[in-house]
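Data block below; observations after.
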Amino acid sequence: MHVPLLDLKAQYAKIKKDVLAAIGEVLDSQICIGGPKVAELEKQAAAVSDCKFAVGVSSGTDAILASLMSLGIGAGDEVITTPFTFFATAGCIARVGAKPVFVDIDPKTYNINPAMIEKAITKKTKAIIPVHLYGQMAAMDPIMSMAQKHNLYVIEDAAQSISSTYKGRKAGSVGTCGCFSFFPSKNLGGIGDGGMIVTNDEKLAGKMKVMRDHGQNPTYYYNFVGGNFRLDPIQAAALLVKLPYLDEWSEARRKNAEYYNKKFAGTEVKTPYISSDCMTVYNQYVIRVSNRDGLLKHLKENGIGCAVYYPMPLHLQKCFEYLGYKDGDFPESEKAAEEVLALPIYPELTEEMKDYVVQSILETLG
Ligand SMILES: *Cc1c(COP(=O)(O)O)cnc(C)c1O
């Protein structure tokens, strides 16, 4: 049996007609940049996030980049984030000329440990970027009170967590702004790259709209330097077809997780810890085992897709050598990088597939 980590064809099969029709509408209109599809997706993305404003951008990475640029963060500034995340979180901080300052994770949730943030704050700190990893929001209350105390912006990296909640509040709606990715493997995936920034700050949203268009306002007049961070209307059209299914798909992911959780109960497989404050959307279902590499090899040999998010924490990456971090600086991130393994969790998994995954794992344990 073959169980891929993600099967986008299974999802596409159900919505193919509508996606093709929506793309056809964009092509017939020949509105190839911006236009009504992008505006409608912004409206709906703001609504699902309980935010007043949304700005469509070219990717999740550009959502973070344009947020930092719009908040005026750059050379001489420091931005606090987690080293246990996808590269883009810290990559964007470095790209605007600011210094990424890492803080270790809570080993249970894999999200930034709020209790360790204050030690990392200096006079140069301008913002915190908590990452809502795997679909579960970071502990936003302590993060926000720390930010308020020190007058810092909070940019939520919600690339993996659209429509996820913390104490009933939606991802992206708690901080200064929130960043989503529509990379195809995210819970709301486009048919290419795409992203969105949500915020309740009208002035900031306005600046972001100018920022994504080179900073031009009016046309051919530039008060600041922006970029081409625009969302493609063909992406918006496909995403508008998918958005109504988002909650149903997240629920299916939670059901799959529940199934795994039951089967792994009492074994040495550590299942995901979900805080009672949170409703996760399980962009990834990540287990923890001591012999991770052995298990990964065994699963791959048995035709099961699985992956390590992420094998090397960012403070140990070659490109960040100049920051001066060393092995041992963030022990929980380093340990997680050695022990985590993401299993197939996508909504269309069948019971047989889940069972096969479970059996293949259990047979390797003593
Ligand atoms: C996917 C992802 C991004 C980047 O999004 P892209 O759309 O691929 O640019 C940023 N941060 C996290 C945590 C992600 O998972």
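Any value given below was found using the heavy atoms of this structure, including those in side chains, with hydrogens, waters and symmetry copies removed. Counting starts at 1 for both ligands and their atoms, in listed order. Along the sequence shown, the residues carry numbers beginning at 1.
With values rounded to the nearest 0.5 angstrom, Y282 atom OH is found 13.0 Å from K255 atom NZ. Atoms CG and CD, on L316 and E321 in that order, are 10.0 Å from each other to the nearest 0.5 Å.
Cation-pi check for K207 over F224 is met; the charged atom lies under 6.0 angstrom from the ring centroid and within 45 degrees of its normal.
Contact atoms of ligand 1 toward T85: 13 (C) (distance under 4.0 Å to a heavy atom of the residue). The atoms of ligand 1 that sit less than 4.0 Å from any heavy atom of A159 are 2 (C), 3 (C), 10 (C), 11 (N), 12 (C), 14 (C), 15 (O). Numbered from 1 in the order shown, with element, the atoms of ligand 1 that lie under 4.0 Å from a heavy atom of S59 read 7 (O), 9 (O). Contact atoms of ligand 1 toward S181: 1 (C), 5 (O), 6 (P), 7 (O), 8 (O) (distance under 4.0 Å to a heavy atom of the residue).
The salt bridge (charged side-chain N to carboxylate O under 4.0 Å, His left out) with R169 is formed by just one residue from the set D50, D277, D141; it is D141.
Ranked by closest heavy atom to atom 9 (O) of ligand 1, the top entry among V131, T61, I129 is T61.
With a 4.0 Å heavy-atom cut-off, ligand 1 is reached by the side chain of D157 but not by its N, CA, C or O.
Nearest protein heavy-atom contact of atom 15 (O) of ligand 1 is Q160 NE2, 2.8 Å. Closest to atom 2 (C) of ligand 1, if we only count protein heavy atoms, is K186 NZ, 2.6 Å. Nearest protein heavy-atom contact of atom 3 (C) of ligand 1 is F86 CD2, 3.5 Å.
Classification of E339 and K270 as a salt-bridged pair fails, no side-chain N sitting under 4.0 Å from a carboxylate O. Taking 4.0 Å as the cut-off between side-chain N and carboxylate O, E301 and K297 count as a salt-bridged pair.
In this structure, a donor-acceptor pair under 3.5 Å is present between the side chains of Y259 and D355.
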